Visitor: 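This is the structure, below, for whatever I ask next.
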Number of protein chains: 2
Amino acid sequence: MKLKQIEESLSSKGFKITKQRKQILDFILKTKGHFEIEDIVYKMKKKNKNVSRATIYRTIGLLKELGFVEEVIKYDNKTIYEIAGKGHHDHLICIKCGKIIEFEDKNIEKLQNKICKKYNFKPIYHRLEIFGICEECQKGEK
Amino acid sequence: MKLKQIEESLSSKGFKITKQRKQILDFILKTKGHFEIEDIVYKMKKKNKNVSRATIYRTIGLLKELGFVEEVIKYDNKTIYEIAGKGHHDHLICIKCGKIIEFEDKNIEKLQNKICKKYNFKPIYHRLEIFGICEECQKGEK
DNA sequence: GTTCTTGCAAACTGTTTGCAGCCGC
DNA sequence: GCGGCTGCAAACAGTTTGCAAGAAC
């Protein structure tokens, strides 16, 4: 997903391309991994691009609506996002160091769909979070 | 899991059995399904058992530590709990009416363990939330 | 009597919102 | 110039905490 594509999509829907939105998009696209709202706030401050927290929330909300960004993890009463379009995957989250490992498993997805069928439930999105201790932190434990 | 068992476990660990804790335990044990903190607050108010919100948070925190209660869903920036020991299962959550359907699938669990092995990740707990539209709400959609 | 627990209020975090002024188109 | 966008500050929800008074053992 490229900056231009997203911008076109935004303006084609009547949204304006402001410098704040450009800054935020720039950040998200450069951050290949996961991010939180505070990461953006911090980055903007550091670059002296004073984009307000409110605008960041609103922009991420908008990008979420449009499907460019996804809420992937809820942990510690915070929301962790990532850019969409990498293909669906789920996460292992280390509760010691906070590291996030992505994984993809088609079989799990298939089983989920089977479950949904069984309950006549129409799935829209899902989140599988496995919390535990990562390899490095296990070494440190001993 | 019975009231007596939990109380014994508490006192064997040096915690005291107060009337507030009894009230809260009573509520949790009677509520077979999922509950939120506010549900307890509401119930206590209604019964004129004025257990403060702070105490409820502290008690649930304690029960979580001891493994009697689990955080099973994070939705809408709220935490939904349930009593532990029913055997692990996951959830379908209707984003229209809020209904929660439990399901259990050993195969999904197995696949998860496989993933963890692959990454040398030591799993502690996990959460699989499938958000979508339940059967009834689908009918209403048309 | 000691120690743990409670209630209260205040504080805190993540998030949302109303409104006046600003800026993209 | 219009309508959407921003920044600010205030508000909000869920949750945590310090402290003095109270209850369990």
Side-chain angles (χ1 to χ4, degrees), chain A residues 3-4 6-27 34-45 47-66 69-81 98, chain B residues 3-4 6-27 34-45 47-66 69-81 98:
Chain A
L3 184 60
K4 284 279 167 245
I6 300 181
E7 287 186 359
E8 265 163 40
S9 167
L10 282 174
S11 58
S12 79
K13 289 187 179 69
F15 297 107
K16 295 180 175 166
I17 311 301
T18 63
K19 40 178 188 330
Q20 291 85 339
R21 286 182 178 163
K22 282 193 177 197
Q23 290 296 330
I24 296 171
L25 279 171
D26 187 58
F27 170 86
H34 307 84
F35 61 89
E36 302 170 20
I37 298 291
E38 283 315 301
D39 296 339
I40 309 182
V41 174
Y42 176 75
K43 192 59 172 284
M44 294 295 135
K45 277 242 175 63
K47 289 172 71 182
N48 283 320
K49 314 280 181 190
N50 284 317
V51 181
S52 74
R53 192 174 264 100
T55 295
I56 298 174
Y57 273 103
R58 284 190 274 231
T59 302
I60 297 299
L62 176 62
L63 294 173
K64 204 172 67 179
E65 288 289 301
L66 299 181
V69 151
E70 288 171 4
E71 271 186 10
V72 290
I73 300 173
K74 289 277 190 177
Y75 182 49
D76 207 17
N77 296 320
K78 276 188 302 196
T79 303
I80 300 177
Y81 300 88
Chain B
L3 184 61
K4 284 279 167 242
I6 300 181
E7 287 186 0
E8 265 164 38
S9 167
L10 282 173
S11 60
S12 78
K13 289 185 179 69
F15 297 106
K16 293 177 176 167
I17 312 300
T18 63
K19 42 175 186 326
Q20 292 86 338
R21 287 183 178 160
K22 280 193 178 197
Q23 289 296 330
I24 296 171
L25 279 171
D26 187 56
F27 171 86
H34 307 86
F35 61 89
E36 303 171 19
I37 297 291
E38 284 315 300
D39 296 339
I40 309 181
V41 174
Y42 176 75
K43 191 59 173 283
M44 294 297 134
K45 277 239 174 65
K47 288 173 70 181
N48 283 320
K49 313 283 182 188
N50 283 316
V51 181
S52 74
R53 192 174 262 100
T55 295
I56 297 175
Y57 273 103
R58 284 189 275 231
T59 302
I60 297 299
L62 176 61
L63 295 173
K64 203 172 67 178
E65 290 288 302
L66 300 182
V69 150
E70 289 171 4
E71 269 184 16
V72 290
I73 301 174
K74 289 278 190 178
Y75 182 49
D76 206 19
N77 296 320
K78 277 189 301 196
T79 303
I80 299 177
Y81 300 88

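All values below come from the heavy atoms of this structure, side chains included, with hydrogens, waters and symmetry mates left out. Lettering of chains follows the sequences in order, A, B, ..., and the numbering in each one begins at 1. What you see is a predicted model; the values in this text were computed from it and never measured.
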Visitor: Distance check needed: C:dT5 P versus B:Lys22 NZ, whole Å only.
Guide: 15 Å
Visitor: Is there a donor in the side chain of B:Ser11 and an acceptor in the side chain of B:Lys16, or the other way round, less than 3.5 Å apart?
Guide: no
Visitor: Whole-Å distance between C:dT6 C1' and B:Leu62 CG?
Guide: 14 Å
Visitor: Given that B:Gly14 and B:Ile56 both sit by DNA chain C, which one's nearest nucleotide is further toward the 5' end?
Guide: B:Gly14
Visitor: Which protein N or O atoms sit under 3.5 Å from an N or O of nucleotides 22-25 of chain D?
Guide:
unit_1	atom_1	unit_2	atom_2	d
D:dA24	N3	B:Lys16	NZ	3.1
D:dC25	OP1	B:Ile17	N	3.4

Visitor: Looking only at side-chain atoms of A:Thr55, point me to the closest of C:dA9, D:dT15, D:dG7.
Guide: D:dG7
Visitor: For A:Arg53, answer base if it contacts any base atom (sugar-phosphate contacts may also be present), sugar-phosphate if it contacts only those atoms, and nothing otherwise; contact means non-hydrogen atoms under 4.0 Å.
Guide: base
Visitor: The side chain of B:Tyr57 is closest to which nucleotide in this list: D:dG7, C:dG7, D:dG14?
Guide: D:dG14
Visitor: What's the CZ-P distance between A:Arg21 and D:dG7, to the nearest Å?
Guide: 11 Å
Visitor: For B:Glu38 and A:Thr59, find the nucleotide of DNA chain D closest to each by heavy atoms; which residue's nucleotide sits nearer the 5' end?
Guide: A:Thr59
Visitor: Starting at atom CG of B:Asp39, determine the distance to atom P of D:dG14, rounded to an integer number of angstrom.
Guide: 11 Å
Visitor: Take atom NZ in A:Lys45; do more than 12 heavy atoms of anything else shown fall under 6.0 Å from it?
Guide: no
Visitor: Kindly compute the distance separating NZ (A:Lys49) from NZ (A:Lys47), expressed to the nearest 0.5 Å.
Guide: 6.0 Å
Visitor: Going by number, which of residues 69-81 of chain B have a non-hydrogen atom under 4.0 Å from DNA chain D?
Guide: B:Asn77, B:Lys78, B:Thr79
Visitor: Counting C-beta onward and ignoring hydrogens, is there a side-chain heavy-atom pair between A:Val51 and A:Thr59 closer than 4.5 Å?
Guide: no
Visitor: Take a 6.0 Å sphere around NZ of A:Lys43 and say whether it holds more than 12 heavy atoms from other residues, nucleotides or ligands.
Guide: no
Visitor: From B:Ile37 CD1 over to B:Ile24 CD1, what is the distance, rounded to the nearest 0.5 angstrom?
Guide: 8.5 Å
Visitor: What integer distance in Å separates A:Asn50:CG from C:dC22:C1'?
Guide: 16 Å
Visitor: Can you tell which of B:Leu10, B:Ile17, B:Val69 makes a side-chain contact (heavy atoms from CB on, under 4.5 Å) with B:Leu25?
Guide: B:Leu10
Visitor: Whole angstrom is fine here: how far is it from CD in A:Gln23 over to P in D:dG7?
Guide: 11 Å
Visitor: Between C1' on D:dT16 and CD1 on B:Ile60, what's the gap in Å once rounded to a whole number?
Guide: 15 Å
Visitor: Which residues satisfy the side-chain hydrogen bond (donor to acceptor under 3.5 Å, both in side chains) test with A:Thr18, sequence neighbours excluded?
Guide: none
Visitor: Would the base of D:dG7 count as contacting A:Arg58 through its side chain, where contact means a donor and an acceptor less than 3.5 Å apart?
Guide: yes
